[in-house]
Amino acid sequence: MCFLTNPKHIKGLLLAAKDKRTTIKIHALMIKTNLSTYRNFMGRVIASYASNYDIVSARKLFEELPQRGVDTFNAMIIAYSRKESPFEVLGLYNRMIKDGVKPDSSTFTVALKACVGLMDMEMGEEIWRKAVDFGYENDVFVGSSMLNLYAKCGKMYEATAVFDKMKRKDLVCWSSMINGFAVNRQPCEAVEIYRRMQKEGIEGDEVVIVGLIQACANLGDSRLWLSVHGYAIKRDLDFDVKVQTSLVDMYAKNGHLDLASHVFKKMSHKNVVSWGALISGFAQNGLVGSTLETLVEMQSCGFEPDSVSLMSALLSCAQIGLLKLGKSIHGYILRRFDFDQVLGTAVIDMYSKCGAPSCARAIFDQMESRDLISWNVIIASYGIHGHGKEALSLFLQMIETKQMPDHSTFASLLWALSHSGLVEEGQYWFDLMVSKYKIQPSEKHYACMVDLLARAGRVEEALQLIDSMNTEPGLAVWVALLSGCHNNGKLSVGEMVAKKVLELNPDDSGIHALVSNFFAMKEKWDEVAGVRKTMRNMRIKKVPGYSAVEVNGELHAFIMEDKSHHQFEDILNILKKLDREMRAIRCLPNTELCMV
DNA sequence: CCCGTTGCGG
C-alpha cells in the first residue's frame with residue numbers, strides 16, 4: 001500500500017470511490033498508515049462518504065473535525081441536498097455564516113434550492129442578500145436558483161427582475177422562466193420568453209420544450225398544440241419520456257384522448273408518470289371505463305399504481321357510485337401508502353359521493369392533518385346529503401382551527417344551507433363572506449343565494465340580489481330563480497325568467513323540462529309545445545341522462561325511458577310505494593320530471 | 001452545485 005503515502009493518489013482514489021465499502025476501505029487504510037497529511041484529506045473523506053450515501057458517517061467525521069473549510073461544508077450540504085433534506089442544508093448554511101466560513105457559489109446555489117423545497121421565500125431573500133454581499137450577484141448558478149425560487153413561489157414579477165439583471169444567461173435560466181410562467185398559468189408570457197430566447201439565437205432543449213408544452217396545455221388553441229408537438233419532432237426531442245408525457249397530458253387535458261392515447265402508444269419507454277398522465281386524463285374527462293381499464297393494463301405491464309393513478313380511480317368511483325371498488329382501493333392504499341391528506345381527501349370524496357357519508361366523516365375525523373380541500377370536501381359531503389346544519393357546524397369548526405375558507409368553501413356551505421332551507425344562516429354567511437373574508441361572490445354563490453331565497457318563496461328578494469350583481473347573471477342564477485318560481489307559483493316573474501333561460505340556449509334537457517313544466521303550469525300550451533320540440537331535437541344529439549347504483553359489486557344503470565332492467569317491475573313497485581308514503585306526509589313529488 | 005413529465009373540491 002505504498003501508494004497511500006502519495007497524497008495525490010489518495011485524492012484520486014477517494015474521487016473514484018463508487019460505493020460505501022470502497023470509501024470505508026480507503027479511510028481505514030489512511031488511519032492505519034497514519035498519514036502525516038491525513039487531516040488535510042478529511043474533507044475528501046467526508047465528501048466521499050457523503051456522495052456514497054453514508055451521510056451518517058460523513059456527518060460524524062464532520063463533527064469530529066477541529067475546523068471546517070468551505071469545501072467540507074459544501075460536501076455535507078450537497079449530500080443533504082441530494083437526500084432532499086432542506087432543513088439540514090439550511091442548518092449547515094447558517095452554521096457556516098455563524099462560524100465565519102465564506103460560502104461560495106455552490107453553497108448559495110444549494111441553500112436556495114433548499115428554500116424551494118420549503119417554499120420559504122423569506123429565507124431565500126436573506127440568502128440572496130448575503131450572496132450579493134459576497135459578490136455572487138452575477139453568478140448564473142446563484143441567479144438561476146433565486147429566480148427559480150421566485151417562480152416556484154408564484155412571484156414571476158420578482159423572478160423577471162432577477163432574470164433581466166443577469167449578465168449571462170444559460171439555458172437553465174431560460175427554461176426556469178418558461179416553466180415558471182407555464183406553471184403560474186401565464187402561458188402567453190411563457191411563449192414570449194421563448195421567442196426572446198430564439199431571437200438571441202439560443203435553441204431550446206427538451207426541458208424548454210416541456211415548459212412550452214405545459215404552457216400550451218393551458219391555451220385553448222389547437223394549432224398551438226400541433227405546432228409545439230411538431231416543433232418537438234423537428235428538434236428530434238419527441239423521444240424524451242418527459243416530453244412525451246407532457247404531450248399526453250396536454251392533449252388529455254384538452255379532451256383529445258385519441259391524440260393522447262396515440263402519443264402514449266408510440267412511447268417506447270413508459271414509466272408510472274406517463275401512465276398517470278393518461279389515466280388522469282381519462283378520469284378528468286369522465287371516461288370511467290377507460291380510466292379503470294388503463295389502470296388494470298398498467299398493472300399487467302408490471303407497473304405498480306402510484307397515488308396519482310389511484311386518485312384517478314377514486315375519482316371514477318365517485319363519478320358513478322362504485323362503492324365496492326372504491327372501498328377496495330381504500331384498502332389497497334392503507335396497505336401500501338402513507339395515508340396522506342391528499343389521498344385521504346380523495347377517499348373521503350369517494351365515500352361521500354358513493355352514498356356513504358358516515359364513512360367519509362369517520363376518515364375525516366381520523367386524519368392527522370387537514371388542509372383547505374379536505375374541509376371543503378367534508379362540508380360539500382353534508383351539502384350533497386342535505387344536512388345543512390352539520391355542514392354549518394363543520395364550517396364553524398374549520399374557522400376555529402384557523403383554516404381560512406375560500407370561495408369554494410362558501411360555495412359548498414351556501415349550497416348546503418340552501419338545500420336545507422336555512423335562509424337566515426345563508427344570508428348571514430353570504431354577507432360575511434363578502435365583508436369579512438373579502439371574497440367576491442361568483443356566479444355559483446349568487447346561484448346558491450337565489451336558490452335559497454326563491455326556494456323559500458322570496459322571489460322579490462332574489463330579484464333584488466340579481467340586480468345587485470356586478471356581472472351579467474348567467475344560466476345558473478336564472479335556473480335557480482325559475483325553479484323557485486315554479487315551486488311557489490310565481491307566475492309573472494317566472495315568465496320573464498323562463499324567457500331569459502331560453503335566450504341563453506341551455507344544452508341541458510333538464511332545464512328545458514323545467515321551462516316546459518313552468519309553461520304547463522301557466523297553461524301556455526304553445527310555449528310548452530315549442531320547448532318540447534327543442535327537446536326532441538336535442539335528444540337526437542345528446543346522450544340521455546342516466547343514474548347508476550352499485551349493489552353487491554354489480555352496476556345497475558338506469559337510462560332515461562329505459563325499462564330493460566331485469567327487476568324493473570319490482571323497482572317500479574317500490575317507487576310507487578315510496579311515492580304513496582311521501583304523499584301521505586304531504587311531500588309532493590313533481591312527477592313530470594320523473595321517468596315513471 | 002441551478003431547470004423539466006401525472007394528482008384531492010366547486
Side-chain angles (χ1 to χ4, degrees), chain A residues 74-75 77-79 81-82 89 103-113 116 139-149 151-152 170-180 182-183 204-214 217 237 240-250 252-253 267 270-281 283-284 306-315 318 340-350 352-353 371-381 383-384 406-415 442-445 447-448:
Chain A
N74 281 351
I77 289 180
I78 291 165
S81 177
R82 276 208 208 113
V89 171
D104 66 3
S105 163
S106 33
T107 319
F108 288 122
T109 302
V110 177
L112 286 169
K113 188 185 156 85
V116 175
D139 185 287
V140 253
F141 280 82
V142 181
S144 68
S145 303
M146 190 60 207
L147 78 84
N148 183 47
L149 174 61
K152 288 280 152 56
D170 66 0
L171 208 48
V172 176
C173 301
W174 290 100
S175 52
S176 293
M177 286 301 285
I178 292 170
N179 279 303
V183 300
D205 64 353
E206 64 275 15
V207 185
V208 170
I209 301 280
V210 168
L212 273 179
I213 294 169
Q214 285 180 308
L237 298 169
D240 182 278
V241 190
K242 292 178 186 178
V243 170
Q244 292 166 320
T245 305
S246 309
L247 286 168
V248 170
D249 180 57
M250 176 185 77
K253 273 206 173 79
M267 291 176 72
K270 303 176 176 82
N271 59 25
V272 275
V273 181
S274 17
W275 282 99
L278 185 67
I279 290 173
S280 85
Q284 272 158 17
D306 63 342
S307 65
V308 174
S309 48
L310 290 174
M311 247 166 352
S312 297
L314 286 168
L315 179 67
D340 65 18
Q341 58 184 0
V342 177
L343 268 171
T345 303
V347 172
I348 292 172
D349 190 50
M350 179 277 296
S352 155
K353 290 188 177 143
D371 65 358
L372 176 67
I373 299 177
S374 358
W375 281 105
N376 287 356
V377 166
I378 197 73
I379 291 170
S381 165
I384 291 168
D406 71 348
H407 60 103
S408 187
T409 320
F410 281 103
S412 300
L413 176 68
L414 295 173
W415 162 271
S442 70
E443 171 84 15
K444 274 203 181 87
H445 300 114
C448 287

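Chain A is the first sequence line, chain B the second, and so forth, proteins listed ahead of strands; every chain is numbered from 1.
Residue A:Gln284 has no polar side-chain atom (N or O) positioned under 4.0 Å from OP1 or OP2 of B:dT6. Contact check, A:Lys242 against B:dT6: no side-chain N or O comes under 4.0 Å of OP1 or OP2. Taking side-chain N and O atoms only, A:Gln214 has a distance below 4.0 Å to OP1 or OP2 of B:dT5. Between A:Lys253 and the phosphate of B:dG7, there is a side-chain N or O to OP1/OP2 separation shorter than 4.0 Å.
Not a single donor-acceptor pair, N or O on each side, falls under 3.5 Å between the base of B:dG7 and the side chain of A:Asp306. One can find a donor-acceptor pair under 3.5 Å joining the base of B:dC8 and the side-chain atoms of A:Thr345. One N or O donor and one acceptor, one from the side chain of A:Ser175 and one from the base of B:dC3, sit under 3.5 Å apart.
Note: CG (A:Leu315) to C1' (B:dC8) measures 9 Å, nearest angstrom. Across the protein-nucleic acid pair, A:Asn148 atom CG and B:dC1 atom P stand 16 Å apart, rounded to whole Å. Whole-Å rounding puts the A:Leu212 CG to B:dT5 P distance at 14 Å. Going from atom CD1 of A:Ile213 over to atom C1' of B:dC3 covers 15 Å, rounded to whole Å. Atom CE of A:Met311 is separated from atom P of B:dG7 by 9 Å (rounded to the nearest Å). The nearest whole Å value for the distance from the CG atom in A:Asp170 to the P atom in B:dC1 is 14 Å. Regarding A:Asp240, its CG atom lies at a distance of 13 Å from the P atom of B:dT6, rounded to whole Å. With rounding to whole Å, A:Asp139 atom CG is found 15 Å from B:dC3 atom C1'.
A:Ser274 is not listed as a side-chain neighbour of A:Val248, based on a closest heavy-atom distance of 4.5 Å or more.
Closest to the A:Val308 side chain, of the nucleotides B:dT6, B:dT5, B:dC8, is B:dT6. Of the candidates B:dT5, B:dC2, B:dT6, the closest approach to any side-chain atom of A:Ala277 belongs to B:dT6. Distance from the side chain of A:Asp249 is smallest to B:dT6 among B:dG4, B:dC2, B:dT6. The nucleotide whose nearest atom lies closest to any side-chain atom of A:Val172 is, among B:dC1, B:dC2, B:dC8, B:dC2. For A:Val342, taking side-chain heavy atoms from C-beta onward, the closest of the listed nucleotides B:dC3, B:dC2, B:dC8 is B:dC8.
Nucleic acid contact class of A:Ser81 (heavy atoms, under 4.0 Å, all strands): none. A:Val377 comes within 4.0 angstrom of sugar-phosphate atoms only, judged by non-hydrogen atoms across all strands, and of no base. If you check every strand for non-hydrogen atoms under 4.0 Å, A:Asp371 touches a base. Residue contacts for A:Leu112: at a heavy-atom cut-off of 4.0 Å it reaches no nucleic acid atom on any strand shown. Backbone-only engagement by A:Lys353 is indicated by non-hydrogen atom pairs under 4.0 Å involving sugar-phosphate atoms exclusively. Nucleic acid contact for A:Asp406: base, since at least one base atom lies under 4.0 Å from a heavy atom of the residue. A:Ser408 comes within 4.0 angstrom of a nucleotide base, judged by non-hydrogen atoms across all strands. Residue-level contact check: A:Asp104 touches neither bases nor backbone, having no heavy atom under 4.0 Å from any strand. When heavy atoms are screened at a 4.0 angstrom cut-off, A:Ser307 is found touching base atoms of the nucleic acid.
Without hydrogens or angle criteria, A:Asn179 side chain to A:Ser175 main chain gives a donor-acceptor distance under 3.5 Å.
A:Glu206 CD to A:Ser246 OG: the interatomic distance, rounded to the nearest 0.5 Å, is 11.0 Å.
For the 3.5 Å distance criterion, the side chains of A:Ser408 and A:Asp406 fail to qualify, holding no donor opposite an acceptor.
Residues A:Ser312 and A:Ile279 share a closest heavy-atom pair of CB-CG2, 3.5 Å. The shortest heavy-atom contact between A:Ala182 and A:Gly211 is CB-O, 3.4 Å.
No aromatic stack links A:Trp275 and the base of B:dT6, using centre distance under 5.5 Å and interplanar angle under 30°.
Residue A:Trp415 places its CH2 atom among 12 or fewer non-hydrogen atoms of other residues, nucleotides or ligands, all under 6.0 Å distant.
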